[in-house]
Protein chains: 2
Amino acid sequence: MDLRQVRYFIAVAEERSFTLAARRLNLSQPPLSQHIQALEAELGTPLLYRTSRKVELTQAGEAMLLRGRAILQQVKSAEDEVRSIGAGLVGTLDLGATGSILRGPLADLLAAYRQVAPLVKMTVHEQAPALQIAALLSRTTNISLIRGVPSERDLTSRLAWREEVVLAVPRTHPLAKRKRVALSELASEDHVVLNPDSSDFARYVQSCCVDAGFLPKVSQQVVDAQSIPSLIAAGFGVALVPQSIARFTTSDIAFRPIRPSPPAADVFLVFRQDETSMVVHNFIKLALRYLGQRKKVG
Amino acid sequence: MDLRQVRYFIAVAEERSFTLAARRLNLSQPPLSQHIQALEAELGTPLLYRTSRKVELTQAGEAMLLRGRAILQQVKSAEDEVRSIGAGLVGTLDLGATGSILRGPLADLLAAYRQVAPLVKMTVHEQAPALQIAALLSRTTNISLIRGVPSERDLTSRLAWREEVVLAVPRTHPLAKRKRVALSELASEDHVVLNPDSSDFARYVQSCCVDAGFLPKVSQQVVDAQSIPSLIAAGFGVALVPQSIARFTTSDIAFRPIRPSPPAADVFLVFRQDETSMVVHNFIKLALRYLGQRKKVG
DNA sequence: ACGATTGATAGGCTTTCGCTATGGATCTTC
DNA sequence: GAAGATCCATAGCGAAAGCCTATCAATCGT
C-alpha cells in the first residue's frame with residue numbers, strides 16, 4: 001500500500017466518481033482507475049462497486065476510507081512534529097548556571113527565548129561551575145553560562161556578555177559618598193567574598209586585587225552570592241560584585257564604579273561542539289544576537 | 001512523505017548504518033542515501049547525524065522514528081482489516097426470520113456459520129414475512145428466510161430447504177395411534193392454525209387442505225407458531241406444522257406423517273440481487289452447501 | 001601510514017507513472 | 001426509440017523515478 005494510492009482512493013470515495021476525483025487531484029482519469037485497481041488487487045478485494053453510472057463503496061471500501069483518512073492525518077501530524085523539532089520550535093533545553101548569573105542578565109535572555117520558542121521545555125540547573133562542565137559532557141545539560149572558558153576539547157565557548165565589576169558598600173560607609181573608587185583604595189577594607197574554590201568569579205576578583213597590589217582582607221566568606229547584599233547592609237564590609245546584582249538590592253547599599261580600569265567579569269556560553277539540537281543552536285544564535293545589541297548588561 | 005521513505009528511514013535508524021540497512025532492505029546503498037536525503041529535504045531538517053564512521057539520530061530523527069513506526073503499524077492494521085472485510089471474515093450480517101424458522105433448522109445453520117466466521121456480528125430480526133421483505137429492500141437486513149418466493153424484482157431467492165409438514169395431535173387423540181394419516185381424514189377435525197394474513201405457511205397449509213377436498217374447521221387461530229403445541233396439548237384440536245417443530249415439544253403431543261403425498265413447506269433464502277457484502281455471499285454459499293448435504297431437515 | 005570501511009556522488013538502465021486516444025455501457029433527450 | 005452525452009476501462013507512448021554499478025572523500029583501526 002502506498003500513500004498516493006490512499007490519497008487517490010479517498011478522493012474517489014469522497015467524490016463518488018473517478019472523473020471528479022481525477023479533476024480534484026489534478027490528474028487524468030485513466031491513471032486514477034489504474035491506481036485504484038492496483039490497490040484493490042493488493043488488498044485482494046474490491047473497494048468500489050462500479051456501475052457505469054455511479055460509484056459506491058463496498059464494506060471493505062468503507063473501512064478503507066476511514067482507515068485511510070486516519071493514516072493521512074497521522075502522516076501529516078508526524079510531518080508537522082518532525083518539522084517543528086527540526087526548526088527548533090519544540091524540544092527540550094537544559095541550561096546550567098550559577099545563581100548569580102541566573103538571577104542576573106540570564107533572566108532577560110530566557111524571557112526573550114521563551115517568546116520565540118514557547119513550546120520548548122526549558123529547565124535551568126543551578127549548580128557550581130565544575131558540575132556544569134560535567135553535566136555538559138554527560139549530556140545532562142545542553143548549554144552552560146559560566147565565568148571563564150573551560151579547557152575541555154569537546155566544548156565550545158562564546159563570550160555572552162561582559163559585566164563590569166562594581167563596589168558594594170553600606171550607605172553609611174565613607175566610600176558611598178564617592179563618585180568613583182580606585183581598586184587600590186580597597187586594600188584596607190574588610191571584604192565579603194565568595195568561596196574561591198567554587199567560584200571563578202571570586203578567583204577573578206582576587207586576581208584583580210592582587211594586580212592592584214593587595215590581597216583582600218576577608219571578613220566573611222559565603223557560598224551563595226545571594227547572601228552578599230545582606231551582609232554588606234549589616235556592615236560586614238565591602239564587596240566587589242557583578243553590576244547586575246545592583247538590580248535586586250535595597251537602598252541600604254550603594255554601588256560605586258571602580259575607576260580607573262574597572263574589572264570586567266566575562267560570562268561565556270558553553271556548549272558541546274557536536275551539539276545537533278536545533279533548539280540549542282537557536283538559543284545560542286538568539287543569545288549572541290540578543291546580547292550583541294547591549295554589550296553591557298545589568 | 002512516502003511510505004517507502006518511512007520504511008527506509010526506519011531501517012537506517014534501527015541499524016544505525018546505511019550499509020546494513022540497505023542489506024536488510026535488499027537494496028544497494030546509494031538509492032537508500034538518496035531516499036533519506038529526499039525525506040530530509042522534504043521535512044526541511046536532518047534526521048540523521050552522519051560522521052563517516054557512524055550514524056546517529058537527531059532529535060527530529062528520534063521523533064520521525066517513533067512516528068514512522070506508528071504509521072507503518074497503522075497501515076498494516078488497515079490492510080489487515082480491509083482484507084478481512086473483503087474476505088467476509090468480519091462485518092455485520094442482519095438476518096430476517098420468523099420464530100418458527102429461527103427456532104427450527106436455522107439455528108444449526110447459524111451455529112455452522114459462526115464457526116467459519118466468528119468475527120461477524122450476526123443479528124437476527126424476528127418479524128413477519130411482509131416486514132422482512134421491506135427490511136431487505138430498505139437494506140435493514142441482508143438475508144431473509146421465508147416460506148415462499150417474493151415477487152420483488154430486486155430480490156433473489158434460493159431454495160434453502162424443504163420441510164415435510166406433519167400432523168400434531170394430542171397423545172389421547174385417536175389419530176395418535178395411527179402410523180400415518182391421510183390429509184382428507186382431517187376434514188372433520190378441529191384445527192389450530194396460524195393467522196393466514198401474516199403467514200405464508202398458513203396459507204400454504206390451507207391450500208393443501210383445499211386440494212384435499214375440504215376447508216379446515218378452525219378452532220383457534222394464533223399469531224405465534226410457538227403457541228401451537230400448548231394448544232394442541234390442551235385439546236383444542238389438531239394442527240399441521242413443520243416437522244422441525246417436533247424437536248421442542250413434550251410427550252403430551254404426537255406427530256404423525258401425512259401419507260400419501262405429504263405436503264412440503266419450502267423455505268427460501270432471499271437477498272438483494274445487488275448485494276455486495278462478502279459476508280452475505282459467504283453466508284449464502286455456506287448455507288446452500290451446508291443444506292445441500294441434508295435435503296430434509298428437522 | 002596504509003588498508004578497510006562508510007556514506008555521498010555520477011552515469012546508465014529498467015520500471016513506473018501519467019497522458020492522449022479510444023472502447024463499451026448506460027442514462028438522458030428529443 | 002434512436003442519437004448524444006457521460007462514465008469507467010483499456011491501449012500505447014513519452015517522461016520521470018527508482019535502482020544498479022562504479023567511484024570518490026573521509027575516517028578508523030592496525
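A note on names: the letters A, B, ... follow the listed sequences, proteins ahead of strands, and every chain is numbered from 1. Only a predicted model underlies this, so the values are computations on that prediction, with no experimental measurement involved.
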Are any of [X]'s side-chain N or O atoms less than 4.0 Å away from OP1 or OP2 of [N]?
X	N	answer
B:Arg4	D:dC19	yes
A:Arg50	D:dC7	no
B:Tyr8	D:dC19	yes

Stretch residues 10-30 of chain B: residues that reach within less than 4.0 Å of DNA chain C through a heavy atom: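 Per residue number, the list reads B:Ser17, B:Phe18, B:Thr19, B:Gln29, B:Pro30.
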
Nucleic acid contacts of residues 33-44 of chain B, taken as heavy-atom distances under 4.0 Å to DNA chain C: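 Residues of residues 33-44 of chain B that come under 4.0 Å of DNA chain C are, in numerical order, B:Ser33, B:Gln37.
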
Are the charged groups of [X] and [Y] less than 4.0 angstrom apart, N to O?
X	Y	answer
A:Lys76	A:Glu81	no
A:Glu40	A:Arg50	yes
A:Glu14	A:Arg24	yes

Reference residue B:Ser157; test side-chain contact (heavy atoms from CB on, under 4.5 Å); the match among B:Val149, B:Ile146, B:Asp266: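 In the set B:Val149, B:Ile146, B:Asp266, the residue that makes a side-chain contact (heavy atoms from CB on, under 4.5 Å) with B:Ser157 is B:Val149.
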
[X] [atom1] - [N] [atom2] separation (whole Å):
X	N	atom1	atom2	value
B:Gln5	D:dA17	CD	P	12 Å
B:Asp2	C:dT16	CG	P	14 Å
A:Leu32	C:dG18	CG	C1'	11 Å

Spacing of A:Ile143 atom CD1 and A:Gln132 atom CD [to the nearest 0.5 Å]: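 It is 12.0 Å, given to the nearest 0.5 Å.
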
Distance, nearest 0.5 Å, that separates CD of A:Gln127 from OG1 of A:Thr140: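 The OG1 atom of A:Thr140 is 8.0 Å from CD of A:Gln127, to the nearest 0.5 Å.
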
Trace of the side-chain contact (heavy atoms from CB on, under 4.5 Å) decision for B:Asn142 with B:Phe283: CA-CA 10 Å; B:Asn142 306 112; B:Phe283 183 87; over 6 Å; no

Bend angle of the helix from C:dA1-D:dT30 to C:dC30-D:dG1, end axes from five pairs each (to 10°):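 Computed from the C1' atoms at both ends, the axes differ by 20°.
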
Flag side-chain contact, heavy atom, 4.5 Å: B:Thr92 against B:Val279: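 A side-chain contact under 4.5 Å is absent here.
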
Between A:Thr98 and A:Arg147: side-chain donor-acceptor atoms closer than 3.5 Å: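 No, no side-chain donor-acceptor pair sits under 3.5 Å.
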
Short side-chain donor-acceptor distance under 3.5 Å, B:Gln73 and B:Ser77: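 Note: B:Ser77 and B:Gln73 side chains miss the donor-acceptor criterion.
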
Where A:Ile101 and A:Leu106 come nearest, the two heavy atoms and their spacing: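 Shortest heavy-atom separation between A:Ile101 and A:Leu106 comes out as O-CB, 3.3 Å.
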
